[in-house]
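So the structure is just underneath, and the comments pick up after that.
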Amino acid sequence: MKTYNAPKGTRDIAGEEAARFSRVSRIFEESARLYGYGLINTPIFEDTALFERTIGGASDIVQKQMYTFLDKADRSLTLRPEGTAPVARAAIAGGLLRPLPCRLYYSGAMFRYEKPQKDRKRQFFQVGAEYFGDKSAFADLEVISLCSTVLKKLGLDCELKLNSIGCSKCRSGYEKKLTAFAEKKIDGLCDDCGERLRVNPLRILDCKVESCKKILAEAPDVSEALCPECADNFGQIKQGLRDRKIRFNEDVKLVRGLDYYNGCVFEFYAQGARDAVAAGGRYDGLVKLLGGEDVPAAGFAIGVDRVMPLIDFSADKPDYMLVSAGAPMDALAAFADEIRDAGKVCVISSKPKLKNALKEASAASFRFALIMGEDEIKNMTVSVRDMEKGEQKTLSRKEFLERL
RNA sequence: GUGACUAUGGUGUAAUGGCAGCACUAGAGAUUGUGGUUCUCUCAGCGCGGGUUCGACUCCCGUUAGUCACCCCA
């Protein structure tokens, strides 16, 4: 019989992984809620143009990583490769940006057509938060704090890398300077950098080739090219982080791959992890670009798949397995419901023989087996067997339920 | 997208080109209502397609999938 695997670059998440997954989502959602963020669910696919315009036509994502298809009416649709543009789009469309500020969080699958490898699947999961309507450092600080809090609650010790790539004004000035610098040294730079210089000069700062790194070490700094406003804003963010005791390292070479970013950008690196587990920044131009008013914004996303294997996790053992020793199933079912009403996990073993039922309970690591047989039915009792200690005692069902 | 490596029951692993074994798991059982230790039995496999050969799990080519690096990114 032919069987089917999950499609290339996707995977099934079950068992312990699933438990990790929901733990990460739960902790994120809890924190976002406590910060006053509201959940927003956007479609899994959008008009292709939404991503082409916002992410940047020159970016790798748009150039070769989008899952784009035509629907039956020849509309060009794309499986979302990231969450920010859809959230911005939805916030505009849904009139959510009227009383500003507006705080939203999301959680879900994203898609990028890449060659799968460690920590890089074609379908991956992100949780993220977006803050609309505040131009000041306050917003940057809030989203960085939220992100940092979540990672901390997950037990991760992360390094925060921080940079400012400036507003549209100082950025274009800087890009000119950088381009001029790089063109002089073009012979020493790799081919990719030549290409980057043409399409998105900032990205050459990100080059991993040693010879390029050496040359670019002398490149002009963004920090020196910032306009007074941007420099002041960035200074406030850094001071705010110090006040909040959030450690960070300024990295003047940090740029982001998506075109809509400006101002402060950041990435969180977990210990030992090569890639960022979370990243974000400010994107003041995005809402306007999508036809909304001129609403400044900042946000971040956490890579759930990347965080999952890093968290310290031990699965909870299920509580009770009800096993029959000749008791009718009806009696078991009613009692099981009473236990569930008390909020405890209770599973009824389908094995008719006590021996096999106990075997099942121990194989599935239940903490207790609840034995019900003729004696227990007659006396309204239950025999509670501790599967680890091997101790067993019989008590009245009423007493048992009270102790839950 | 480029490059390298890998592919055998559900899992982990063997077999100079000559009958595919082993361990774990799972299922059934070892006289009455007591499991996680023992014993017996059972189920289950060469990713797919070509080629070389008397004969291919083994060699060659292709393909698919996985892993790793590059690229890029959460």
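Throughout, protein chains are lettered first and strands after them, A, B, ... in sequence-line order, and every chain is numbered starting at 1. For the numbers below, each heavy atom of this structure counts, side chains included, while hydrogens, waters and symmetry mates do not.
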Need one value for Asn356(A): base, sugar-phosphate or nothing, where a base atom within 4.0 Å counts as base even if backbone is also close, heavy atoms only. sugar-phosphate

For the pair Tyr67(A) and Phe111(A), name the ring-plane relationship: parallel under 30°, tilted 30 to 60°, perpendicular over 60°. perpendicular

When you measure from the side-chain N and O atoms of Lys8(A) to the phosphate of rG66(B), is any distance below 4.0 Å, counting only OP1 and OP2? yes

Pair Glu142(A), Tyr131(A) - check side chain to side chain contact (heavy atoms under 4.5 Å, CB included), show working. CA-CA 8 Å; Glu142(A) 180 170 301; Tyr131(A) 182 148; 3.4 Å; yes

Looking for any heavy atom pair under 4.0 Å, which part of the strands does Glu114(A) touch: base, sugar-phosphate only, or nothing? base

By the 4.0 Å heavy-atom rule, please label Glu374(A) as base, sugar-phosphate, or nothing. base

Using atom P of each nucleotide, how far apart are rG1(B) and rA15(B) to the nearest Å? 36 Å

Measuring only the C1' atom in each nucleotide, how far is rU58(B) from rU53(B)? A whole number of Å is fine. 13 Å

rG9(B) and rA4(B): how far apart are their P atoms, nearest whole angstrom? 26 Å

Got a salt bridge between Asp284(A) and Lys135(A), using NZ or NE/NH1/NH2 to carboxylate O under 4.0 Å? no

Once you apply a heavy-atom cut-off of 4.0 Å, does Asp275(A) come out as touching a base, just sugar-phosphate, or nothing? base

In whole Å, what separates the C1' atom of rU16(B) from that of rU38(B)? 40 Å

Greater than 12 external heavy atoms within 6.0 Å of Glu30(A)'s CD: yes

Hey, does the side-chain of Arg120(A) have a donor or acceptor N/O within less than 3.5 Å of a partner on the base of rC68(B)? no

With respect to the phosphate group of rG36(B), does any side-chain polar atom (N or O) of Lys317(A) fall under 4.0 Å of OP1 or OP2? no

Base, sugar-phosphate, or nothing for Glu360(A), non-hydrogen atoms under 4.0 angstrom? nothing

Can you tell me the base-pairing partner of rU8(B)? Count Watson-Crick or G-U wobble geometry only, both distances below 3.5 Å, and say none if there is no partner. none

Contact class for Gly9(A) vs. all strands (heavy atom < 4.0 Å): base, sugar-phosphate, or nothing? sugar-phosphate

Would you give the length of the straight line joining atom OG1 of Thr68(A) to atom CG of Asp47(A), rounded to the nearest 0.5 angstrom? 11.0 Å

C1' atom, rG45(B) versus rC24(B): distance in rounded Å? 15 Å

Contact class for Ile61(A) (heavy atom, under 4.0 Å): base, sugar-phosphate, or nothing? nothing

OP1, OP2 of rA69(B) versus side-chain N and O of Gln117(A): anything below 4.0 Å? yes

Which of these nucleotides, rA74(B), rG33(B), rA26(B), is closest to any side-chain atom of Ser383(A)? rG33(B)

Could you tell me how far rU11(B) sits from rA44(B) if I compare only their P atoms? Round to whole Å. 16 Å

Base, sugar-phosphate or nothing for Ala276(A)? Non-hydrogen atoms, less than 4.0 Å. sugar-phosphate

No-H, no-angle donor-acceptor pair, Glu376(A) side chain to rG33(B) base, under 3.5 Å: yes

Paired with rC70(B): which nucleotide, if any, by Watson-Crick or G-U wobble criteria at under 3.5 Å for both distances? rG1(B)

Between Lys115(A) and rG1(B), is there a contact of a side-chain N or O with OP1 or OP2 at under 4.0 Å? no

Pick base, sugar-phosphate or nothing for Gly128(A), based on heavy-atom distances below 4.0 Å to the nucleic acid. nothing

Between rU52(B) and rU13(B) - C1' atom distance, rounded Å: 29 Å

Are Tyr105(A) and Phe28(A) near enough that their ring centres are under 6.0 Å apart? yes

rG21(B) pairs with, by Watson-Crick or G-U criteria that keep both distances under 3.5 Å: rU13(B)

Pair assignment for rC43(B), Watson-Crick or G-U wobble, requiring both distances under 3.5 Å: none

